[in-house]
Amino acid sequence: MTTEVAPNAPPPRAMHAVPGPRGWPLLGIAPRVKLESFHRQLEDWSREYGEVFAFRLGRRPFLAVSNPEVIASVLRRRPEVFRRGARLEATSREIGFLGLFSSNGDTWRRQRPMVLAGLDPAHIRSYLPAMSEITQTLRRRWLEAAQKGHEIDVLADLMRYTVDVTTCLAFGHNLNTLEASSETAIQQHLNVILPALFKRLLTPFELPRWMRNRSLRHHVVALRAEVQAFIARARAQLDERPELRERPENLIQALIAASQKGQQGITDEDVAGNVLTMLLAGEDTTAHTLAWLFWLLGRHPQAVAMARAEVDAVLPPDGVACSVEQLAGLDEVEACASEAMRLKPVAPLLMNEVGEDTEVAGVLVPKGAIVACLLRRPALDEGQFPDPQRFDPSRWRTGQPGAKSLSSAKRAVMPFGAGPRMCPGRYLAMTEVKMVTAMLLANFDLEFVGVPGRDEPAERMALTMAPVDLKMRLRLRSR
Ligand code: HEM
């Protein structure tokens, strides 16, 4: 058994002695679970039962934790003691996207440096021209919507943007869904596969025949075929221009070059798995983060005014950044994004399967149990952030008096996770978030961002947390 506890700590408690919501024999709390708002149910229970509580989902024991130090210690002890769930790993293998996100142990160790290298700041710099171009396309789309007075489906447009950026960077091919008249095939596949995956992961019982669903199978097979086509294209490029093996232009070239060299044992399966992982991990997360940020900006004109003043000072009049230096000057925009991720993190919940008996927050947790880290709870803790529900980007300004407390506050907010499995796409994601937000503020006034007839958009959880039915109306900005 592994532990990370002080020497004089009291003896650990067994899980059944830890308070938590009551369940039924065999089913546990399964009949009470609402998949789309499971994160909120857990957050509510943590208010009722405290920083550590336990329950069963089916036969599987769960321990939910919301203390930031406990969360950090769990996330640090990966991939050895805590791991991605065996079901996630098996399901991903079945679908054909066993990439960095879902793999464990040696597969994860082999893949991580490769994926990290493709997404590091140096590579992001070389991706900027493509990203600026795609941001220009989005700008044109929104200029047209503003001129015609059209309402914008925020999530749909932002997902088109992130699909275009991700496919362009990962595969060297811009799908240009922003200018396509209808949803592309890839989006249609993901719209079916992602919710099915999430449901499968949270259903308390094994669903051995889930892939027999004909529609799901169709989408999985078609998506795999799309990915194989990207791989074939990148292989041909590497054959034509062997110098790309040393200086790959995109992630797929980097992965294939490594697999051909036999470097670090990267296999063809690893390449395909990580190509799909980029699509799955990079699309919803960034689009949903931007959507929440826009909704919050729509309610806070002062924050808009400050961020816009900065955008006007740093960027050209079209508001589209084209250098790392310009993006680095957007501190206020970044502060707005950090504050949006504190209040509306798209990953408010991280599930970790226990790989060997261990101890967490003074509780004995057996192998096979799940430790659910409730990431949003510390981010809304009054002790860390006065008036925690208020959207206040000034909390994130650097060089302010109280910078020390800012650094401890930062440790309580983990939108990209923490420890050895922290999100490798965070530089790319922040680049996209800053680019799109700056473009929005430079060109448009936010006439309306919200859900008609509601104060707040509902939070819907399906792998990531999205604002439901968010709409936006833009007016050309009067300067
Ligand atoms: C605002 C946007 C994003 C957010 C909020 C986000 C958040 C996260 C979180 C919370 C994790 C789990 C970290 C952990 O277990 O400690 C994660 C993992 C991951 N993310 Fe992101 N992500 C974003 C964008 C991206 C992008 C753009 C990519 C790549 C194109 C990406 C690729 C990945 C991968 C591959 C992992 C798995 C890392 C591992 O297990 O080693 N993410 N992300």
Side-chain angles (χ1 to χ4, degrees), residues 39 71-79 82-85 88-89 92 97-120 123-124 127 131 158-159 161-171 250-252 254-255 270 273-293 334 336-338 340-353 371-376 379 413-437 461 463-466:
H39 64 296
I71 291 176
S73 115
V74 169
L75 298 184
R76 233 184 358 249
R77 289 192 281 156
R78 296 180 298 173
F82 298 98
R83 26 181 296 141
R84 300 275 190 239
L88 171 65
E89 195 176 351
S92 304
F97 84 96
L98 186 63
L100 194 63
F101 189 84
S102 43
S103 61
N104 283 305
D106 285 344
T107 312
W108 175 81
R109 276 193 202 86
R110 183 175 73 220
Q111 294 180 349
R112 176 98 185 167
M114 191 59 65
V115 175
L116 269 185
L119 291 168
D120 68 9
H123 280 77
I124 304 300
Y127 301 154
M131 294 172 75
L158 291 173
M159 299 250 278
Y161 176 82
T162 54
V163 166
D164 288 354
V165 169
T166 316
T167 53
C168 192
L169 304 194
F171 322 131
N250 50 54
L251 196 66
I252 196 164
L255 294 173
D270 291 330
N274 279 296
V275 168
L276 268 177
T277 296
M278 289 304 122
L279 262 186
L280 299 180
E283 184 192 335
D284 289 25
T285 44
T286 312
H288 295 171
T289 298
L290 273 163
W292 283 117
L293 170 58
E334 187 164 329
C336 290
S338 300
M341 290 192 288
R342 182 181 71 82
L343 291 169
K344 297 289 183 185
V346 298
L349 187 61
L350 270 186
M351 299 289 192
N352 300 278
E353 191 169 288
V371 175
C373 295
L374 311 191
L375 298 184
R376 181 160 56 173
V413 182
M414 297 169 245
F416 294 107
R421 298 199 75 144
M422 189 176 186
C423 175
R426 58 193 184 279
Y427 304 114
L428 172 60
M430 284 311 286
T431 306
E432 288 176 76
V433 168
K434 286 167 80 171
M435 260 198 176
V436 174
T437 308
M461 191 73 182
L463 287 183
T464 58
M465 184 183 91

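What you are looking at is a predicted structure, and each value in this text was computed from that prediction instead of being measured. Counting convention: from 1, in listed order, for ligands and their atoms alike.
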Could you tell me the residue and atom name of the protein heavy atom closest to atom 30 (C) of ligand 1, and the distance to it rounded to 0.1 Å?
Met278 SD, 3.6 Å

Of the choices Pro79, Ala281, Pro345, Pro424, which has the non-hydrogen atom that lies closest to atom 19 (C) of ligand 1?
Pro424

Quick look: Arg84 vs ligand 1, heavy-atom contacts under 4.0 Å, and the answer is side chain

Roughly how far, to the nearest 0.5 Å, is SG of Cys423 from CE of Met430?
11.5 Å

I want to know if ligand 1 touches Thr166 in the polar sense, i.e. an N/O pair below 3.5 angstrom.
no

Ala429 heavy atoms, cut-off 4.0 Å: which ligand 1 atoms fall inside?
1 (C), 2 (C), 24 (C)

The atoms of ligand 1 lying under 4.0 Å from a heavy atom of Ala347, numbered in the order shown, are 10 (C)

Phe416 atom CZ: more than 12 heavy-atom contacts under 6.0 Å
yes

Can you check whether Ala418's main-chain N or O pairs, donor with acceptor, with Arg76's side chain at less than 3.5 Å?
no

Note the single closest protein heavy atom to atom 16 (O) of ligand 1, along with its residue, its atom name and the distance in Å.
Arg78 NH2, 2.6 Å

Just go through Phe82, Tyr427, Phe416 and tell me whose heavy atom is the nearest to atom 9 (C) of ligand 1.
Phe416

Whether the side chain of Asp120 engages the backbone of Leu116 through a donor-acceptor N/O pair (distance < 3.5 Å, no angle test) should be reported.
no

Have a look at ligand 1 and work out which part of Arg112, if any, has a heavy atom under 4.0 Å from it: side chain, backbone, both or neither.
side chain

Could you tell me whether Arg84 and Glu89 have a side-chain N and a carboxylate O separated by less than 4.0 Å?
no

Of the choices Val165, Leu100, Thr285, Thr277, which has the non-hydrogen atom that lies closest to atom 24 (C) of ligand 1?
Thr285

For ligand 1, does Asn274 get within less than 4.0 Å through its side chain, its backbone, both, or neither, judged by non-hydrogen atoms?
neither

Side chain Ser92, main chain Leu98, donor-acceptor under 3.5 Å:
no

Using 0.5 Å steps for rounding, measure from the CE atom of Met131 to the CE atom of Met435.
5.5 Å

Is His288 in contact with ligand 1, taking contact as a heavy-atom separation below 4.0 Å?
no

Return the closest protein heavy atom for atom 13 (C) of ligand 1 as residue, atom name and distance.
Arg421 O, 3.3 Å

Between the main-chain N or O of Leu100 and the side-chain N or O of Gln111, is there a donor-acceptor pair closer than 3.5 Å?
yes

Show the atoms of ligand 1 that are less than 4.0 angstrom away from any heavy atom in Ala418.
16 (O)

Which ligand 1 atoms does Thr289 reach within 4.0 Å, using its non-hydrogen atoms?
1 (C)

Quick check against the 3.5 Å criterion: does Thr167 have a side-chain atom that pairs as donor or acceptor with the backbone of Asp164?
yes

Between Trp292 (side chain only) and Met465 (backbone N and O only), is there a donor and an acceptor less than 3.5 Å apart?
yes

Identity and distance of the protein heavy atom lying nearest atom 37 (C) of ligand 1
Phe101 CD1, 3.4 Å

Tell me: protein heavy atom nearest atom 26 (C) of ligand 1, and distance?
Gly282 CA, 3.6 Å

Out of Pro415, Gly419, Cys423, whose heavy atom sits nearest atom 10 (C) of ligand 1?
Pro415

Side-chain donor or acceptor of Thr286 paired with backbone N/O of Glu283 under 3.5 Å:
no

Which of the numbered atoms in ligand 1 are under 4.0 angstrom from any heavy atom belonging to Val346?
5 (C)

Rounded to the nearest 0.5 Å, the CD atom of Glu353 sits from the CZ atom of Arg78 at a distance of 13.5 Å

What protein heavy atom is closest to atom 28 (C) of ligand 1, reported as residue, atom name and distance in Å?
Gly425 CA, 3.6 Å

Closest non-hydrogen atom pair between Ala372 and Leu349, with its separation:
CB-CD1, 4.4 Å

Note: Thr286, heavy atoms under 4.0 Å from ligand 1, region reported as both

